[in-house]
Structure formats: C-alpha cells, structure tokens
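Fair warning: this is a prediction, and the values are worked out from it, not measured in the lab. Numbers here are sequence positions counted from 1. Counting convention: from 1, in listed order, for ligands and their atoms alike.
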Amino acid sequence: MHLHDLHRNYGPVVRIGPNELHFSTAEAYKDIYHHGSKFLKDEGFYEMFGESLGSFGTVDPVFHRTRRDTMNPLFSRRAILKFESSIRARANQLMQVLSSKQGQLIDLSSAFRAMTLDVIYDYIYGEDAGAISCPDFEHPIISNTEAVNVGAGVQRHMSIVVRQSSLPDFIRRRIVMSIFPDLIKVIETRAIEFFERKAKVQLADEGETILSRIVDIENPFLQSLIEETQTLTFAGTDTVANACFTGCFYVHSDPEILKKVRGELKEAWPDPNMDLPYDTLEKLPYLTAVIKESLRLSHGVPVGLLRVVGPDSAVVGGYQVPQGTIVSVGATFMHWNPQVFPEPFKFNPDRWLQEQTRELDTYLVPFSRGPRQCIGMNLAWCELFLILGHLFRKLDIEIKDLTIQDMQDIRFYFVSVLAGAKHLRGIVKGALA
Ligand code: HEM
C-alpha cells in the first residue's frame, strides 16, 4: 500500500532502492514483461529463494530455456486435459471430506491448500501428498507454508541489503535456509527418494511425471531436481489456493452472486453426482467471470517482479532507463486500476460480462507476462474451474469469521497473505441437490 501512496505523491516512477525503480503504469508493465523481453530476473532478489537451479529461481537465460523446453510439454493444455480426471478425483475427495464435517467449523484456507498440494504432488511424482486426508488438513508442508510466505516477504526487503553486500554464496544460502524452516527438509527428502528410486528402476510403467521427464531428458544434478521440486511445490500450492479462498469468500458473502453462479451451474450440471468435464465448465460465462475476479483480487504475486534492464538501456513507461537498473510494476497497479476496474476493491463478476472485455483481460496479470510468465497457467485454470465448480454446485456453505475488511487488509509477501495470517473458515450446512 505504501508504494501506492508513493506513486500518488511522486508520479508514475519512483526510486525505491539505490538502483531500483518502480513504475505504476500499464505502459511500463508492457515494456518490462512483454514476450521477447531481454530483461533478466534480478539475481539479488531471486537467489534468496535458494532455487537458482530451478525454472523459477534461475537468472541464466540459457538454463532457463532448457528447463522450460523440458517441462513445457507437460504443462500444455493437451497434457492438462489428460490429467483432468486426477484433478476431478481430488475435487470430489475434497467435497466428500468437507461434507463429512457437516456442522463443524472447517478451516477452508487449509482445505484449499491441501487440495492444491495433492494435485501438484501428483503431477510432480505421480502420487499425491495425502494432504486432503490429513486430520484438519494439517500436512507439514501446509502448516509451514505461512512461515515461508513471511520469509519471502522478508527476503523481498532483505534482498536490497544482501545485494549490496559481498557475502559468499554459501552464507547467502544459509540465510535462505534459516528463513525457511523444516519445510525444505520435507520437500528435499521426497525428491531424494524419487531420484534414488529412479536410478534403480525404470519407472516407465508409472507414466511420465515432471520429475521423471527432467531426469530422462536433462540428467541433472540432484540439487537441481530438489530445487525444481521446491519451486513447483510452492508455486503450485498457495497461488491456486489463494484464488479459491478469495472466490469462496466473496461468492458466499453476496447472495446475489451466489444465486447467479449456482443457477448457471445447476442448468449446465443438473445431476451433481455425474461428472462435468472441464471444457464444459470453462464455457460457463458467469463462473468464468467469478474466477477472473478471484484471480484479480488475489493477485497471484502482488509484489513487483524484479527485472534488470538490458542488454542496453531501454525506454520503460516513456522514460529512458540505463542498462543494469532494476525495474518492476506490481500486479496491484494493474488489478486495482480504477479506470479499467471501477470500484476496484469490489468483487464484481459482472464487469467481465460486458460487450468489450479485451482491455480488462490485458490488465489481468496474475500469472505475469513475458518469457518468465507462469508455466503452470493451464494447470491452474483447470484446478480453479474444477475446485470452485464442484464447491458451488455441491455444497451449501456458510462463511465464518472473515469480513470484507479482513479480505482487504493484505500483506504483500511474495504471495498475498491476510493480516494476522487469518484463515477463511466455514460450516458446511448440507449438500445441494
Ligand atoms: C492461480 C495460480 C497461479 C498463479 C497466480 C501463478 C503466478 C505466477 C507468477 C506471477 C509467476 C512469475 C514469477 C516471477 O516472475 O518471479 C509464476 C511463475 C511460475 N509458476 Fe505460477 N502461478 C500459479 C500456478 C502455478 C502452478 C499450478 C504451477 C505448477 C507447478 C506454477 C509454476 C510456476 C513456475 C515453475 C514458475 C516459474 C516460471 C519461469 O520463470 O519460467 N504456477 N507463477
């Protein structure tokens, strides 16, 4: 929020570090994050995640291209459609677990995280993490994720300090490991098990997973595999879960929106005991609008994603910026733009149902844009339609504890977190016919 104040006071470009500029305009966003951009990720910031040997953390464009080329086929729409039945099975499992707790107060934030963790584990390893079936969804990865989110927020600010220092790599890594608690160990152990098993037997009969594909094609160092697993686990869990809990909260807080989304779903899906394919769900205009609003107000990654101007100086948002300058535009400057999204803090699916929504789509950037755009977009969309589609069609839920004010009191760590790390809770009142 402070950055929004700075831009209100000083205009569209603000110097926020010795060598760092933050911009507020869509023009600057396009200049920084367009496809074909040669700006690289900022090493000082990204190395703090301890994932420099994975697709997200690397700043090396050659290694990045190789890893993306290896993983891309498994993230194509076609590949995700093949995986759809597994996601649906998990969505059904989640609905059953929630139904079985009818009348009890349920931590829905953790429930969504359990679902998304199981999906991403299944995609990485070919088997889930068992999180949906954990009592109260208390899987160690989920319970520790909040600490990671706070750690990532600390890193965002610490990176400025560490970047200025000449600390050796092993000390920088130790700082990262101390911020991220036991969690890294849990993820690491699972990756090592996989690597050792894969070395012993050909896992051909288990089908291709992301890890097996990386091992087969790149034959990487174990550390690279561990860091990729870390990346995929974090990237694939909270992001999707945040959009789910945002949608779940706002839809259940507004009887009019709830009625519309349920009505649309009931017409397309008369018998909730039958399966409804993803490609039918994604054609439902109102559900689509609800999901876009959920992505808009959960932001994906709200903080500025730091890029370094290069290889030469460049024009960013109308300003000539020297080569080597760190630049960014936070997603909130797109998602809360009142000219494009009037009453930007209001959850209003109808804004996506007007004649012309092209401009709105241009401003919706939860997955970022350009060469470092999210690789998991197709998977994320499929999960969002299946999870929220099942939830709104099958369960009658009453939201508890959180208010709209709580939802707007966000801390911008790497992903957004509600102040006080509050969770969404609710009571399942019954199943919908
Ligand atoms: C609603 C869900 C999601 C949102 C909003 C989201 C958002 C983002 C954003 C903003 C980035 C760019 C980060 C940066 O530049 O530093 C990113 C990168 C990435 N995301 Fe996602 N993500 C989502 C789901 C997923 C899923 C399900 C996966 C699956 C594993 C995934 C994997 C990745 C990876 C590997 C990267 C790094 C890509 C690269 O640098 O080439 N994401 N995501």
Side-chain angles (χ1 to χ4, degrees), residues 29 32-33 35 37 39-43 45-49 51-61 63-72 74-76 79-80 83 87 112-113 115-125 152 155-156 159 209-211 214 227-247 291-308 327-332 334-335 364-388 412 414-416:
Y29 193 95
I32 298 171
Y33 305 101
H35 278 284
S37 168
F39 295 4
L40 301 181
K41 281 190 167 181
D42 170 46
E43 198 171 357
F45 176 49
Y46 283 95
E47 73 176 3
M48 299 291 290
F49 288 86
E51 295 172 7
S52 311
L53 300 174
S55 58
F56 162 79
T58 182
V59 297
D60 172 357
F63 171 68
H64 177 251
R65 189 68 271 154
T66 307
R67 182 57 55 85
R68 280 284 292 224
D69 286 349
T70 303
M71 299 202 301
N72 269 340
L74 281 184
F75 284 105
S76 67
I80 299 305
F83 187 57
I87 306 175
F112 292 129
R113 284 189 182 132
M115 164 83 202
T116 54
L117 176 64
D118 274 351
V119 168
I120 194 59
Y121 249 50
D122 197 9
Y123 216 43
I124 299 173
Y125 297 112
Q155 280 172 231
R156 169 70 186 88
S159 67
T209 65
I210 301 176
L211 281 205
I214 296 174
E227 290 182 17
E228 195 61 68
T229 317
Q230 231 170 273
T231 283
L232 296 169
T233 307
F234 293 142
T237 304
D238 260 22
T239 47
V240 185
N242 271 356
C244 286
F245 105 75
T246 302
I291 291 175
K292 286 186 175 176
E293 273 298 80
S294 307
L295 283 166
R296 184 179 73 82
L297 288 181
S298 59
H299 300 296
V301 179
V303 298
L305 301 167
L306 308 189
R307 304 292 187 257
V308 183
V327 291
S328 67
V329 179
T332 55
M334 303 291 275
H335 294 160
L364 185 67
V365 293
F367 300 103
S368 184
R369 296 267 159 85
R372 305 305 296 262
Q373 182 179 42
C374 178
I375 197 175
M377 278 170 65
N378 288 323
L379 176 58
W381 279 109
C382 184
E383 286 186 75
L384 289 169
F385 273 99
L386 287 172
I387 300 169
L388 291 178
F412 294 153
F414 194 66
V415 291
S416 19

- Item | Nearest neighbour in protein (non-hydrogen) for atom 24 (C) of ligand 1 | T239 OG1, 3.4 Å
- Message: I need the nearest protein heavy-atom contact for atom 7 (C) of ligand 1: residue, atom name and distance, please.
- Response: P366 O, 3.3 Å
- Considering only non-hydrogen protein atoms, determine which one is nearest to atom 18 (C) of ligand 1 and report residue, atom name and distance to 0.1 Å. C374 CA, 3.5 Å
- Message: Would you say E227 and S52 are linked by a side-chain donor-acceptor pair, where the criterion is simply a distance under 3.5 Å?
- Response: no
- Query: Nearest protein heavy atom to atom 34 (C) of ligand 1, by residue and atom, and its distance?
  - Reply: I375 CG2, 3.7 Å
- Taking the six-membered ring for Trp and the single ring otherwise, decide whether the centroids of F414 and F56 are under 6.0 Å apart. yes
- Message: Tell me the nearest of F234, Y123, F367, F49 to atom 6 (C) of ligand 1, using heavy-atom distances.
- Response: F367
- Message: Could you identify the single nearest non-hydrogen protein atom to atom 40 (O) of ligand 1 and state the distance to 0.1 Å?
- Response: R372 NE, 2.9 Å
- At under 4.0 Å between heavy atoms, which part of V240 makes contact with ligand 1: side chain, backbone, both or neither? both
- Polar atom proximity, K41 to ligand 1 (N or O, under 3.5 Å): yes
- Item | Contacting atoms of ligand 1, where contact means under 4.0 angstrom from a heavy atom of L232 | 30 (C), 35 (C)
- Which protein heavy atom lies closest to atom 28 (C) of ligand 1, and at what distance to 0.1 Å? G376 CA, 3.6 Å
- Query: Taking the non-hydrogen atoms of L295, is any one of them nearer than 4.0 angstrom to ligand 1?
  - Reply: yes
- Task: Determine whether the side chain, the backbone, both or neither of R68 has a heavy atom under 4.0 Å from any heavy atom of ligand 1.
- Result: side chain
- For ligand 1, indicate whether the residue I120 contacts it via side chain, backbone, both or neither (heavy-atom separation under 4.0 Å). side chain
- Using distance alone, determine whether R307 and ligand 1 share an N or O pair under 3.5 Å. yes
- Looking only at protein heavy atoms, what sits closest to atom 26 (C) of ligand 1 is G236 CA, 3.6 Å
- Message: Just to be sure I read this right, does ligand 1 sit under 4.0 Å from the backbone of A243, its side chain, both, or neither, counting only heavy atoms?
- Response: neither
- Any heavy atom of H64 sitting closer than 4.0 Å to ligand 1? yes
- Item | S294 side chain to C244 backbone, donor-acceptor under 3.5 Å | no
- Item | Within-cut-off N or O pair, Q373 and ligand 1, under 3.5 Å | no
- Check: F385 and I87 side chains under 4.5 Å, non-hydrogen atoms: no
- Query: Are any of the N or O atoms of T231 closer than 3.5 Å to those of ligand 1?
  - Reply: no
- Message: Taking only non-hydrogen atoms of Y46, do any sit less than 4.0 angstrom from ligand 1?
- Response: yes
- The closest protein heavy-atom partner of atom 25 (C) of ligand 1 is A235 O, 3.4 Å
